[in-house]
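Okay, structure first, notes after.
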Amino acid sequence: MEYRWRKSSYSQAQNGCVEVASAVHVVAVRDSKLGEASPVLAFSRTAFAAFLAAR
């Protein structure tokens, strides 16, 4: 699946950088420092929304 990545607003200025991308049914997360080499975690939109709400 092809994603359009953007830096998360929850990323920290130095080492805690993540990128997120959304598709129709999933939200994907990866380590921005690794870029294309990073493993991708995919979550349902419901699960990702619950994760953000618990913050």
Side-chain angles (χ1 to χ4, degrees):
M1 178 176 282
E2 187 72 25
Y3 293 111
R4 185 172 180 183
W5 296 99
R6 65 176 179 83
K7 187 171 181 179
S8 170
S9 61
Y10 289 97
S11 290
Q12 298 172 358
Q14 294 180 351
N15 291 328
C17 299
V18 296
E19 292 178 316
V20 295
S22 59
V24 175
H25 299 289
V26 299
V27 176
V29 180
R30 74 177 182 184
D31 184 336
S32 64
K33 294 183 301 299
L34 298 176
E36 295 295 322
S38 178
V40 175
L41 300 174
F43 302 94
S44 70
R45 290 182 165 277
T46 303
F48 195 73
F51 169 73
L52 293 178
R55 183 174 190 285

Summary of salt bridge (Lys or Arg N to Asp or Glu O under 4.0 Å) pairs that have at least one residue in residues 40-51, sequence neighbours excluded: none
Distance in Å, Glu19 CD paired with Arg4 CZ, rounded so as to fall on 0.5 Å steps: 12.5 Å
Shared hydrophobic cluster for Val18 and Leu34 (ILVMFWY, side-chain gaps under 4.5 Å): no
Residues that Glu36 engages under salt bridge (charged side-chain N to carboxylate O under 4.0 Å, His left out), provided they are two or more places apart: Arg30
Smallest separation among heavy atoms of Ser38 and Asp31, with atom names: OG-N, 3.0 Å
Pairwise distance NZ(Lys7) to OG(Ser32) - rounded to 0.5 angstrom: 6.0 Å
Side-chain heavy-atom pair Phe43, Val20 within 4.5 angstrom cut-off: no
